[in-house]
Every structure is written in C-alpha cells, then in structure tokens.
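Letters go in sequence order (proteins before strands), and every chain restarts at 1. Only this structure's heavy atoms are used, side chains among them; waters, hydrogens and symmetry mates stay out.
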Number of protein chains: 2
Amino acid sequence: MSKIKETSTNFANKQALADECSEAYAANIIGGQWALVICSWLIGGKLRFGELKKKLPNITERMLTLQLRKLEENKIVKRTVYTEVPPRVEYELTPIGYELKPIIKHLEKWGQKHKDLM
Amino acid sequence: MSKIKETSTNFANKQALADECSEAYAANIIGGQWALVICSWLIGGKLRFGELKKKLPNITERMLTLQLRKLEENKIVKRTVYTEVPPRVEYELTPIGYELKPIIKHLEKWGQKHKDLM
DNA sequence: GACATTACTTACATTTTTTATAGTACGTTA
DNA sequence: TAACGTACTATAAAAAATGTAAGTAATGTC
C-alpha cells in the first residue's frame, strides 16, 4: 500500500481505466489481498480491530490498518473510536459498503464453482 | 506477474485465504490491473490480440500477454491460434468465464453508484 | 513501579506487479 | 531482397503491495 505515486504511468493508467470502466474503478476499491474478506466479515456486523485480526489468518496489524484506512477513505467502512483505555475501535460497513453483499456472495458462489472445475 | 515465489509468506497467505474464502479465491483470479476489463470486452465476443490491445488504453503487449496467459491458465478464456502468416490468435470466454458477466455488470453498477457518492 | 491491554505507528526489507524497450519468426508483398 | 504485419519473448527497471519487527500512549491492576 503506502502512497501511490501520482507521476507514475501506473497511476495514469489506473485513472484512465477507472474513468471509462466502472468495473475497473470498483476493482481498484475492493482490490488488494484483504479488502473483500474484511468486508465479508463485516457483513455480519460491527467488529473491533482485534476481532477482525483474529478472523483473518496471518494478517499483520500493519496490513489490517492499511486496508481499513483505505476502506474508510473510500467510505466502505465506518470507524468509530471509543476514547477508553485500553482503546476500543469498531468498524462497520456503510450503506454503500453493505451494497457489496450481493456481489461478494456471487463471487463466492462463482469461486466455489470455479474451484470445482480446476 | 511473473512467477510467484512459493516460499514467501505472501504466497502462503494467499493460499490460506483462498482455501477458506471462495471470494478471496475468486479475487485472486480476476484481480490485477486488467483482467476484469479484458473479460468485460470479451463478453461481447471473440477478439484478436491486436483488437484487445486497441481497446485497452495504454496496455503494453507484455501485460496483455501476461494477463491473457493467466486467464487462459485459469480457464477463463480460450485461446485459438490460426497458423497463418501473419499469425492470428483469437480469445474468447469459456463457459465459466462467461459466468462472470452478471458479476461484472453488478460491479459496474456498484462502481457507478460509488463514483457518484464520492 | 513493573506490567498488561489495545489499536495503532514507524522504519525497513522483501515480494509481486507493472512498465519500458528492444527484438523474434515467418510467409507475403513490393 | 527488403520491408510489413502479427503476436508474441527477453531483459531490465520502476513502482506498488505486502511482510517483519519494534515501539508508542494511556491507564488500570498487581
């Protein structure tokens, strides 16, 4: 993750693609190793940082943070901080994030079918 | 693209995720900068290498080759070579590839909606 | 006062993906 | 005989994504 370099060809290509293809735009948002899986867990309801971490096998705290930040930036998840000690932070899907549900379910079915085929 | 290093943590994580989450498995297959867009063009019917290239703004021949190879390997597209000179190669979706259509359409709609929101 | 808890942050290393550029094979056509 | 068109391959380099390891803040408990 980290910052994307706005002078790179890659950046320009992503932009151009996203501009004319909404599915590429969408793919940019929910792409990445963990984004979809995080969303699919959040479909079941709010989860804390630590709970998510437990559900995602082997994810590092860094990656989880980065992905959640990206999802938050894209208004897919909402982050709520409770100023307690130790801190408590809850994540939940926004309405548009929740609208990914049918897509995720469909992808899941497709993936299963594809797996059987291979 | 190129080869993925089977000893890396990243490889192990992808495996583990794909094993238990079919949506992550699916994401691995149709992930990458161009895969979805290529598929979405192929939904309209067979296309030659050169035709695809024209439709994809700025893609390099190398990337197009790599993505098509990956899609072929995953049985999403079928490659037909006509041994003529100059050569002619046609790409088309397989049945399972074609089943991505509703997902792509759905993603497209979602992407459009999301775009409006931002 | 040391320690545990939680959700991070930071610096750095490695791996993977993408881009850049040049070159190839091969009959056909000029 | 030399250039042309097509669908590639080879090699290198840049950029992006992911992983490793350590550290932080605040406070309540031992």
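Put simply, the side chain of V37(B) does not reach to within 4.5 Å of the side chain of I59(B), judged on heavy atoms.
The separation between L56(A) atom CG and dG19(D) atom C1' is 15 Å, rounded to whole Å. Per the geometry, CZ belonging to F11(B) stands 16 Å off C1' belonging to dT14(C), to the nearest Å. Rounded to a whole Å, the CG atom of N58(B) is 13 Å from the C1' atom of dA20(C). Here dT9(C) presents its P atom at 11 Å from CG of L64(A), a figure rounded to the nearest Å. When the C1' atom of dT16(C) is taken as reference, atom CE of M63(B) falls 11 Å away, rounded to whole Å. Atom-to-atom, NZ of K5(A) to P of dA14(D) comes out at 9 Å; the value is rounded to the nearest Å. The CD1 atom of I59(A) sits 14 Å away from the C1' atom of dT20(D) (whole-angstrom rounding).
Between the side chain of R62(B) and the base of dT9(D), no donor-acceptor pair of N or O atoms lies under 3.5 Å.
Between dT18(C) and Q67(B), a contact under 4.0 Å exists linking OP1 or OP2 to a side-chain N or O. Phosphate proximity of dT9(D) to R69(B): present, with a side-chain N or O under 4.0 Å from OP1 or OP2. Contact annotation: T9(B) side-chain N/O to dT20(D) OP1/OP2 distance is under 4.0 Å. At dT19(C), one or more side-chain N or O atoms of N13(A) fall inside 4.0 Å of OP1 or OP2 (strictly under the cut-off). Look at N10(B) and you'll find a side-chain N or O under 4.0 angstrom from OP1 or OP2 of dG19(D). For the pair T60(B) and dT18(C), the criterion of a side-chain N or O lying under 4.0 Å from OP1 or OP2 is not met.
Residues satisfying the side chain to side chain contact (heavy atoms under 4.5 Å, CB included) criterion with F11(A), sequence neighbours excluded, are I4(A), E6(A), S8(A), Q15(A). Not counting sequence neighbours, T65(A) has no partner by the side-chain hydrogen bond (donor to acceptor under 3.5 Å, both in side chains) test. A26(A) pairs by the side chain to side chain contact (heavy atoms under 4.5 Å, CB included) definition with L107(B), W110(B), not counting sequence neighbours. Legend: residues meeting side-chain hydrogen bond (donor to acceptor under 3.5 Å, both in side chains) with K113(A), ordered by chain and number and at least two apart, are E99(B). Evaluation of the side chain to side chain contact (heavy atoms under 4.5 Å, CB included) rule for L117(A) yields I96(B) as partners, not counting sequence neighbours. Not counting sequence neighbours, the partners of K53(A) by the salt bridge (Lys or Arg N to Asp or Glu O under 4.0 Å) test are E61(A).
Put simply, V81(B) and V85(B) are part of two different groups of oily side chains (I, L, V, M, F, W, Y) that touch within less than 4.5 Å, one to the next. Both M118(A) and L71(B) belong to a common hydrophobic cluster when Ile, Leu, Val, Met, Phe, Trp and Tyr are linked at side-chain heavy-atom distances under 4.5 angstrom.
Comparing K14(A) and T65(A) against DNA chain C, the residue whose closest nucleotide sits nearer the 5' end is T65(A).
Contact check of residues 82-93 of chain B against DNA chain C (heavy atom, cut-off under 4.0 Å) returns V85(B). DNA chain D is contacted by R48(B), F49(B), G50(B) of residues 46-54 of chain B, taking any non-hydrogen atom closer than 4.0 Å. For the contact set between residues 16-34 of chain B and DNA chain C, defined by any heavy atom under 4.0 Å, the members are G32(B), Q33(B), W34(B).
A 6.0 Å sphere centred on NZ of K54(B) holds no more than 12 heavy atoms belonging to other residues, nucleotides or ligands.
Counting only distance, with no hydrogens or angles, the side chain of T94(B) and the backbone of K75(B) share a donor-acceptor pair below 3.5 Å.
Residue pairs meeting the side chain to side chain donor-acceptor pair (under 3.5 Å) criterion with at least one partner in residues 23-35 of chain A, sequence neighbours excluded, are E23(A)-S40(B), Y25(A)-H114(B), Q33(A)-N10(B). Identified under the salt bridge (Lys or Arg N to Asp or Glu O under 4.0 Å) test for residues 88-98 of chain A, with sequence neighbours left out: K46(A)-E90(A), K78(A)-E92(A), E84(A)-R88(A), R88(A)-E90(A).
Scanning DNA chain C for stems, defined as runs of 3 or more consecutive Watson-Crick or G-U wobble pairs whose donor-acceptor distances all fall under 3.5 Å, gives the following ranges: C:1-30 with D:1-30.
Residue N58(A) forms a side chain to side chain contact (heavy atoms under 4.5 Å, CB included) with just one option from T9(B), N13(B), L17(B), and that option is N13(B).
Atom CD of E51(A) sits about 6.5 Å away from atom CZ of R48(A), to the nearest 0.5 Å.
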